[in-house]
Structures are given as C-alpha cells and as structure tokens.
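Structure first, commentary second.
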Number of protein chains: 2
Amino acid sequence: MVTNTTVEEVLAALEQADTLEAIQEAILKLREYFRIDNMVYHWVDSAGEQYGYGTYPLEWAAHYQEQNYIRIDPVIAGCYKRFHPVDWKRLDWSGKAVKAFQAEAIEYGIGNQGYSIPIRGPNGQFALFTVNHTCDDTEWEEFTETNRRELILIAHYFNQKALEFEPNRAPEQSQPLSPREIDAMTLLAIGYSRAQVADTLSISEHTLRVYIESARFKLGASNTTHAVARALSRGLIVV
Amino acid sequence: MVTNTTVEEVLAALEQADTLEAIQEAILKLREYFRIDNMVYHWVDSAGEQYGYGTYPLEWAAHYQEQNYIRIDPVIAGCYKRFHPVDWKRLDWSGKAVKAFQAEAIEYGIGNQGYSIPIRGPNGQFALFTVNHTCDDTEWEEFTETNRRELILIAHYFNQKALEFEPNRAPEQSQPLSPREIDAMTLLAIGYSRAQVADTLSISEHTLRVYIESARFKLGASNTTHAVARALSRGLIVV
DNA sequence: CTGGCCCTCACTATTTCTGGGGAGTTAATA
DNA sequence: TATTAACTCCCCAGAAATAGTGAGGGCCAG
C-alpha cells in the first residue's frame, strides 16, 4: 500500500518549493497520500504566537489563538519536553481546563487521534508537525507505527523550509569576539562574578572590564546580561 | 546500490538497543554499509564536554578534549547556528587556529570530507551526527546527496537513544519558570534594565526582583546574568 | 612600517543590582 | 477544604556594574 515513491516525490517538491502556495500544496498532497483528516506544520513562537501551514479549520486556528490555548494545550506542553514523536493518547489530559479544551477541539473538527513531532532549530526555535485523524486506537497505532519514519523526515523538511522563509529569524551576524572576550563572556555565562572571572583568567578586574565593555559594544548590547545573552544566542559562546 | 532494507534493519535494531554495545555495534554496521571512514554521534554538553559513540580514533577524541577544541571547531560553531545538515566544505575554515586544527585533525586520521547533522532536544540539548571520509569533492557530494534522508533519520534515532540512556544528562531540566519569571528573564535577555522591565510589565521594581530571585533559585544560578544564560541555553526563553 | 586590533593596567563618580528580611491576595489543585 | 503556587508590594545596606578617560607593548597585514 504505502510505497516510498510518493513521499520521496513530495519531499523533493518540498525541497524546491519557494512559495507558500507550493508548501501548502505539498501538505495537501501528503494528506491525501496518507489518507488522514489533518496535517499541520506550525511554528511555536516564544511569544505564544503560532503560524504555519496545514489543514486545520481556520475557525479553530483563530479561536485557539484568541483563547491563548497555547498555554494549556497538552500537545505543546508535552512535545516541548520530549524529543521523540508523541501520540496524543500518551499526553496528560487531566485537568478541568484541558478537558474543556479537548472537547472544544473535537467540536471544531479536530480528530480524536493525533500524533505530533517536535522539531527544534537554532536559537531555541520550536515547531510541531502534527497528523490528526478520527479513528479507533488500533487503526491509529498501526498508522503511526508504519509511517513514523516518513513523518519524522517530513517534519524535518517542513521546518527547514520554514526557517528559509523566516530569514529574520536567521542568526544576525556580528563582529567576532576576540579570544579574551569569548573567555569573559563564557565565564560570565556560567555564573562567575567579575572578580572570579578576572581571577580565573589571571588578569586584573580593570582589564576584564575592558573586555566586557568591548564585547558589549561589538554585540550592540546595553549591559553585561544582554551581551551574554546575545553571545549565547548567536552561538559565539557555548554554555 | 543503496537499498532501504539495510538501513531499516539497523534502525530497527537501534530502536531495540538497550546497551551501549548494541549502539556501538549499530554504528559499526552503518559505517560498513555506507562504506565511509568515520561515523560519530556525539552529545555536545553545556559545559563544553563531549561524549558519544563512534569510530573516531581515541587519541583524537582525547586530544580534542584536552585542547578544548570545542572552542574553535568550526563544525560545532557552524552546526550550532544551523538546522539543516552541513557539508564541512561550507563552513568557515579561515583563521590561523582553525587551519591548524584542521591540519591536526587530518593527521589524526580524520577524513578530509565531512557532513554533520545538528540535532536538538528539549532543554537546549544539542548533539551532532557526523559522517566523515577521505575522498574527492565530487564523490562526497554524490554520497551526501544520495543519503541525506537516511542520515537525518539515523541522527534522529541516535539522539533518541542517547536521551533514553542519559536521563540524568538532562539534569539541565529544572523546574519550569512561571509566566512572570519568563517575562522577566526574556526582557532582561533583550537588554532591559530592571527599571525598564518593571515598567514594561507594569509592576514595581520590588516585585520584579522577587521574580528574578525566584527564577535564579529555580535555575540554580548565582546571579542574574547566569540565570538568563541558563534560561536561554535550556530553551526556557527565546531571544 | 604604519595603522589597526588585541592585551594589559589604572582612577573616579554614579547608577544599578543583590541578598537578606516580611506580608497580603488570588487561583488552582488535591 | 486545605494546601500549594503564583503574583503583588515594601525596606535597607553593601556589593557590583557602568561610563568616562588614559596609556603602553605586541602582532599582523596592507
């Protein structure tokens, strides 16, 4: 039944996609191929905003956003803690608000079965790829078992595209830090005070301050904390 | 030439693996199957420590660790900023120290060609899956083009195993921050002073300090800068 | 061989942050 | 219902960070 050919084709098409329409088309094709109700890729923003491509009813998406459901959605919470794909049945659906949310979702046409794959990119980027259907547990388990690998790959490709389309999310490049500046930022990031850093680097605290200031300047940061945060999120230091 | 069967088999075996030996065996099988010099999965620790499974010469691994090469290794730096797999040729190998590092690596038996796949897990976990070979550019490009999808999947499976085997390695997981604490950490990370943060959140600076302190406590941080750095590298906040 | 960047050290005054303490209200949960 | 957790506000003294300016030696590339 399931041959690799079609997925391969769609992945190849997805790789070439350069418009949002092409991506949406790929999702529709995949949904048709897998014969499931919904297939959604969405980026989960730190600010609680979500956006992406997929087949969820627009009303549900709007309602979800409006109600700020990201705060209680167990799929978000569960996937955020995990690395591997998660069947919705294995999530924690206890709690009054959560149960109400679940009931409402089904009302809006979301299937009773779901399978979500968390994906993470640089700078704490987080996204979800979800397939969703209405069927019984046995059928669903068979589906997810059979297609897990394809789904993981598809998730990966969608995220790659999404990162391409969000260049403002791409790492801003800045002047590189000097070795001493990197040392200073790194030690500060692991919790050393200025005195400790100066001691560790065997330099005077005065000198250290020069490094911190020049790093701050290079990074366009307004204080030490900001400088360390930028150095971290630009990948200039690793902590 | 390349059929899916063997990779499928190894992935299935890897999924069942419950000892380090089984994992190491899987890597050896995969290396044999792909006919390349080296294949390595390694976890990149927040402290700059690395460990994993693979076929790099032990001397090189020890030397790398000893010299703290993680600080200059362009593969680490490059993959940390990217989502998609990276051919080593596309990394930045300029700089005296980096060139020396590269020369030394080849001396130790590391191939001239490489392809690394960054993988990220919860709480800012970061790992790399690398394949590595000695051949010319054309051959290497053909190899990576052909096998990219399999390699991505393999990377995923290795990381999944690693997370299973190192549950305590996610000690970086800490109590979640409260919404207000996240607000505070986020605003501090983008350079706001305490006064500005308090103003933005429409609370008194005293209250803000309570949040910062409790966040610091939850994160086990010794000061604000440390707390923000940890929140960032654990993926609790995004800047 | 000169300009630019890196490393090192020093001083002062002002602003900001830290680390203790205590105390009350709401909301959700067990 | 009792308990927990989050959110809000307040005081103070001491420690740390910031913004200025200045200066000398080393190294590398144009």
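- One can place NE2 of A:H226 at 13 Å from P of D:dT18, the figure rounded to the nearest angstrom.
- Side-chain N/O atoms of B:Y211 include one lying less than 4.0 angstrom from OP1 or OP2 on D:dT8.
- Applying the 4.0 Å criterion to OP1 and OP2 of C:dC9, one finds that A:T207 has a side-chain N or O inside that range.
- Taking only side-chain nitrogens and oxygens, A:S193 never comes nearer than 4.0 Å to OP1 or OP2 of D:dA16.
- Counting heavy atoms from C-beta on, the side chains of A:T186 and A:V228 never come closer than 4.5 Å.
- Within a 6.0 Å radius of CD in A:Q196, more than 12 heavy atoms belonging to other residues, nucleotides or ligands are found.
- Contact annotation for A:E181: no contact, since no heavy-atom pair falls under 4.0 Å across all strands.
- At the phosphate of D:dA5, neither OP1 nor OP2 sits under 4.0 Å from any side-chain N or O atom of B:S178.
- Interatomic distance, OH of B:Y41 versus CZ of B:F129, reported as 10.5 Å (0.5 Å rounding).
- When rounded to the nearest whole Å, the span between CG of B:L188 and C1' of C:dT18 equals 13 Å.
- Judged by atom type and distance alone, A:R194 does not reach the base of C:dT18 through any side-chain donor-acceptor pair under 3.5 Å.
- Side-chain N/O atoms of A:T224 include one lying less than 4.0 angstrom from OP1 or OP2 on D:dT18.
- Nearest nucleotide to the A:R216 side chain, out of D:dA19, C:dG20, D:dA17: D:dA19.
- Residues A:E205 and B:H206 each lie close to DNA chain D; by heavy-atom proximity, the contact nearer the 5' end of the strand is made by B:H206.
- One can place CD of B:Q196 at 16 Å from P of C:dT15, the figure rounded to the nearest angstrom.
- The side chain of A:N223 lies closest to D:dT18 when the candidates are D:dT18, C:dC9, D:dC10.
- Under the 30°/60° scheme for interplanar angles, the aromatic rings of B:H133 and B:W140 are found to lie parallel.
- For the pair A:D183 CG and C:dC6 P, the computed distance is 14 Å after rounding to whole Å.
- As rounded to whole Å, 11 Å separates atom P of C:dC5 from atom CZ of A:F217.
- Ring-plane geometry between B:Y108 and B:H63 is classed as parallel, the angle between the planes falling under 30 degrees on a 0 to 90 degree scale with a further cut at 60.
- Side-chain N/O atoms of B:K218 include none lying less than 4.0 angstrom from OP1 or OP2 on D:dA5.
- Here the straight-line distance linking atom CD of B:Q113 with atom OG1 of B:T144 works out to 9.0 Å at 0.5 Å rounding.
- Spacing between atom CG of A:L177 and atom C1' of C:dC6 amounts to 13 Å, rounded to whole angstrom units.
- Comparing B:I203 and A:S222 along DNA chain D, the residue whose closest nucleotide (by nearest heavy atom) sits nearer the 5' end is B:I203.
- Here A:R209 does not reach the OP1 or OP2 of D:dA17: none of its side-chain N or O atoms lies under 4.0 Å away.
- For B:Y192 and C:dC17, the OH to P distance is 14 Å, given to the nearest whole Å.
- To the nearest angstrom, P of C:dT16 lies 14 Å from CG of B:L208.
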